[in-house]
Amino acid sequence: MLLRVDFNVPLSEGTVQDDTRIRAALPTIRLLHERGASVILCSHLGRPKGKLVPSLSLRPVAARLAELLDEAVEFAADCVGPAAQAAAARLRPGGLLMLENTRFYPQETENDPTFAGQLAELAELYVNDAFGSAHRAHASTEGVAHFLPSAAGLLVEQEVKFIKEALSSPERPYVVLLGGAKISDKIGLVRKLLSEADALLVGGGMANTFLAAQGLDLADSLVEQESLPVAAELLAQPGSRIHLPVDVVVASEFSELAEHRVAKVDQIPVGWRAADIGPQTLEQFSEVLRPAKTILWNGPMGVFEIEIFSAGTRGIAQAIAGVHALSIVGGGDSVAAVQQAGLAARFTHLSTGGGATLALLEGQTLPGLAVLQV
Ligand code: ADP
Ligand code: MG
């Protein structure tokens, strides 16, 4: 069984800094192992750009997996060719083998069919549990499925179930919260969600561009000039359900030691920048969230990585945690914020897919999933 996982984890000096993604794949790995499959795991790690980069080896990741499973995990120093073939051939039923980083080959991201065929040769069946990579048509996520009978893993199944099914007919009121740095990354998402949600609450850097599109002076805040027309167009839609901040935490700079205070959005001082939503906005947004039956959240409400600008994001996480609703949070930074707040267990689903989550929310077909037979 060739099992594609998303073990693209943060490493520092050869140790895994955060094993969330490894843990997320454990149910599928355990199931295959217990059913007696010989499991060959493959993944990418970082961006080695088609070259062997020793600091991006998956060897320490295989070691962490072995610890988590309390099972031996073999490691092959190559993902195709003689080393991989010999290790795969030695594998017994129930055995586990981790292959080296697929992105050490440029053919991986090129979705080269010959390379995909070489991966496929190692196994008889293919399972894709790499939800975080499913929006990319690469050799190990898409190409290989053309050569082998294929199926989705449990993590992929769960992600798709929550995001697609829950949001295709959401129980109402359906409230969407968007934040983060940029509109341009997420414009497709904003359009789609605006047409479906009963209310769209916008905070974070994204709100700045909407506020600027209303003619406000955002001083030194992050504003995407090129997105002003589209922001204005969305606000002008008849019955627009976009809610924007009324106050923000303004700062002299983005740093722990920055001078900061609360200001109304039409009173941002020259040379200052919006870094978080203000308390009145938090209250108003919480009020809109209270009766919600379905809540979707993507993007922090402020520069939450810096403690003095994290209150808005944490307050929103607490507000959602206190509502009896189906709650989904997606996006790397937003999920990290919920985890930091210690509120992960109070959400229905934390989607760790990043770009894949956003693509699925937008209603795109993910190439890594479309190609699977089951
Ligand atoms: P996610 O990973 O959840 O999809 P994004 O990557 O879109 O979220 O956005 C997260 C980033 O947005 C964070 O690094 C945060 O600091 C930044 N951000 C949020 N609010 C602001 C703001 N007002 N000004 C500048 N950056 C912001
Ligand atoms: Mg992010």
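Atoms within each ligand, like the ligands themselves, are counted from 1 in listed order.
- Taking 4.5 Å as the limit, some side-chain heavy atom of L99 sits within range of a side-chain heavy atom of L122.
- The closest approach of D333 to the Mg ion (ligand 2), by N/O/S atoms, is made by OD2.
- Judged purely by distance below 3.5 Å, without hydrogens or angles, the side chains of H44 and R4 pair a donor atom with an acceptor atom.
- The aromatic rings of Y105 and F115 sit tilted relative to each other, their planes meeting at an angle between 30° and 60°.
- The side-chain heavy atoms of D129 and E157, taken from C-beta on, include no pair separated by under 4.5 Å.
- With a 4.5 Å cut-off on side-chain heavy atoms, T357 and L360 do not count as touching.
- Residues with a heavy atom under 4.0 Å from ligand 1: G180, A181, K186, G204, G205, N208, L222, F254, A274, N298, G299, P300, G302, V303, E305, G331, G332, D333, S334.
- Taken from CD in E362 to CD1 in I163, the straight-line distance is 12.5 Å, to the nearest 0.5 Å.
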